[in-house]
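Chain identifiers are assigned alphabetically (A, B, ...) following the order of the sequence lines, protein sequences preceding nucleic acid strands; residue numbering begins at 1 within each chain. Model, not experiment: these values are computed from the prediction.
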2 protein chains.
Amino acid sequence: MIKVVVDLYGGDFSPEETVKGALLALERDNDLEVVLCGDKEKTKSLLGEKASDSRIEILDAPGVITNDDDPVGAVRFKKDSSLIAGIDYLSANDDAKGFVSTGSSGAVLSAAVLLSKRIRGVNRPALAPILPTVIDEKKVILIDCGVNTEPKANNLLQFAQMGVGYAKLNGVQNPKVGLLSNGAEDKKGNTLTKEAFSLLKESNLNFVGNIEAREILSGDIDVLVSDGFSGNIALKACEGTALSMFSLIKDGIMKGGIRAKIGYLLLKPVLKKIKHTMDYNEYGGAVLVGLEKVIVKAHGSSKANAVANAILQVKSLAEKNLPAYIAQEIQ
Amino acid sequence: MIKVVVDLYGGDFSPEETVKGALLALERDNDLEVVLCGDKEKTKSLLGEKASDSRIEILDAPGVITNDDDPVGAVRFKKDSSLIAGIDYLSANDDAKGFVSTGSSGAVLSAAVLLSKRIRGVNRPALAPILPTVIDEKKVILIDCGVNTEPKANNLLQFAQMGVGYAKLNGVQNPKVGLLSNGAEDKKGNTLTKEAFSLLKESNLNFVGNIEAREILSGDIDVLVSDGFSGNIALKACEGTALSMFSLIKDGIMKGGIRAKIGYLLLKPVLKKIKHTMDYNEYGGAVLVGLEKVIVKAHGSSKANAVANAILQVKSLAEKNLPAYIAQEIQ
């Protein structure tokens, strides 16, 4: 049995979809237990007859942290919130192996960084979502995507090491590491990336140099290192462009008459597969690496299926022992 | 007559496609003259019988600057290169109104910034490409996209002002200005964007706040302000994702059997229109704003049609007097 703590609040469709997602995950995996963090009575009523399931525990934490809350203030003062109570539970209970939230990124990351224990030697935890690439089944880990807006060059080196540990867990041997920059040439970059470039080059990592944002989805690299500000921009620009293109295709089909509609029906399997590939909700959420337990920030817009995926992702990462893979790389 | 200076070297398909592009532009616009910068004899032979066209002047500059050259070094020492000789010609001749290059971004920007005259009051010129959005005919100006990797907050304010001038030239009244950040909330950002946020908020611009990279193509804003490093990443992530999606669609059609192929044929007009919309080569190149003359950096991979578009774009911006629009906004 693996026990995963689930924050029921803070997402766009929580707590209803979060509760549904937890039930879905329990249905899919008999070896899973969940701790649901939210208002006890409301959660019970959402669970209905499932409330008595022995694999479900409810942690009474009625407080909600929203995007409007100051993340650090919330961590200090909203002790009764589902997020903070959940992270505290995770830290205090050895048998709780991981945590999922669809809540405010800022608050989830602040809570995780401030309240949960780091792997020995890790200076700064980092958010590491996995992105699809144009090469079937090949993925790229983008690290950091939002925790550290102003890291130092040695932090970037450590992000690379942690990314490599994560990629190895995913079965990649000798992962190729790239540095996100404003051009592919060695001399490109800002002060931070130029310093990080030197450190990465001197390291024993399989460092392939600067990578332009145009190449993120090319499948050429396994780990793309970045400060959290630029990484966040790269991630969201990719995501936004994919969504924009689907919206343009949909719009074109709507306005394209019967011809376009028949064409769409025939091409639907292809477009659906691409939508599936580009939709990184399908892969669960972004992992916060560098901590002793597995913490995943799922998309705020996650519905039941995405929540279930994220919970099962946490379970799988905990089973495979992600923290051990990370610790291995941190010297 | 408007005279535009064209750098024949440095692009992926230059000088052949650059020369073809210049001829195409001359064909399309009788009110255009060009100065072609390259090796005199070779250029003549590429022009063939057109070499005697009275609207074509050749500036003998056989040197080539490549991506491997150090940009600043090249500007100082490669005086005989098509790029440097071309920019020098532009600065020295009042009747030359603009300049186009498909060459190395770093070198083009360095040459333009170091060798050409700024508009009074402009501290730092900035690269301002125009991106498509999901709303028909609506565009967004992304400024800066690569000149200033580490600007100050007051530079960002000036980028906003210049972007507004450019948007007004494009017919946008009271352009909406956003600040590229790692979240939409007011408090998001790094030290630079937080300072810039305050300056923009205090300014008389129509500032709408922080914009996530997910919203770049949403059509909600007219001018998106950024430092050159993050702007470059945002631009190229959008571009790379669009290209990746077309590559996935193509791949899916190839592997999808007869059904997918018929579907594609029927849906082709829709997909072609989207490809056209997303292909920012179609709009010419990125304008370097803040200078007394119009300088455009066209994509390195530009073929004849893209080169022609960029040349006509320079002509149009010169006719409308872009520098006057910029000067108007700089107080």
Closest-packed option against chain A by number of heavy-atom pairs under 4.5 Å, given [options]:
options: B:Cys145, B:Gly240, B:Ala213; answer: B:Ala213
options: B:Gly146, B:Gly183, B:Cys238, B:Gly228; answer: B:Cys238
options: B:Val270, B:Asn190, B:Asn232; answer: B:Asn190

By a 4.5 Å heavy-atom criterion (distance strictly below it), what part of [X] contacts chain A: side chain, backbone, both, or neither?
X: B:Ser230; answer: both
X: B:Ile274; answer: side chain
X: B:Leu180; answer: both
X: B:Lys188; answer: side chain

ask   = Between A:Glu150 (side chain) and B:Thr191 (backbone), is there a donor-acceptor pair under 3.5 Å?
value = yes
key: Donor-acceptor under 3.5 Å (A:Arg214 side chain, B:Lys236 main chain)   = no
At what distance, to the nearest 0.5 angstrom, does [atom1] of [X] lie from [atom2] of [Y]?
X: A:Asp69; Y: B:Glu185; atom1: CG; atom2: CD; answer: 11.0 Å
X: A:Ile233; Y: B:Ser181; atom1: CD1; atom2: OG; answer: 6.5 Å
X: B:Asn182; Y: A:Leu235; atom1: CG; atom2: CG; answer: 11.5 Å
X: B:Lys255; Y: A:Lys273; atom1: NZ; atom2: NZ; answer: 6.0 Å

More than 12 heavy atoms of other residues, nucleotides or ligands under 6.0 Å from [atom1] of [X]: is that the case?
X: B:Lys250; atom1: NZ; answer: no
X: A:Lys201; atom1: NZ; answer: no
X: B:Lys176; atom1: NZ; answer: no
X: A:Lys194; atom1: NZ; answer: yes
X: A:Lys138; atom1: NZ; answer: yes

query = How close do A:Leu266 and B:Arg259 get, heavy atom to heavy atom, and via which atoms?
reply = O-NE, 2.9 Å
query = Looking at B:Ala237 and A:Ala234, what are the two nearest heavy atoms and their distance?
reply = CB-O, 3.9 Å
message = Using side-chain heavy atoms (C-beta onward) and a distance below 4.5 Å, is A:Leu271 in contact with B:Leu267?
response = yes
message = Does any part of the side chain of B:Phe229, heavy atoms only, come nearer than 4.5 Å to the side chain of A:Thr193, both counted from C-beta?
response = yes
inquiry  = Please rank A:Ala242, A:Ser105, A:Ser247 by heavy-atom pairs under 4.5 Å with chain B and give me the top one.
reply    = A:Ala242
query = Picking from A:Gly219, A:Ser226, A:Gly189, A:Gly256, which has the most non-hydrogen pairs under 4.5 angstrom with chain B?
reply = A:Gly189
Candidates B:Leu217, B:Thr133, B:Thr241 - the one meeting side chain to side chain contact (heavy atoms under 4.5 Å, CB included) with A:Ser244 = B:Leu217
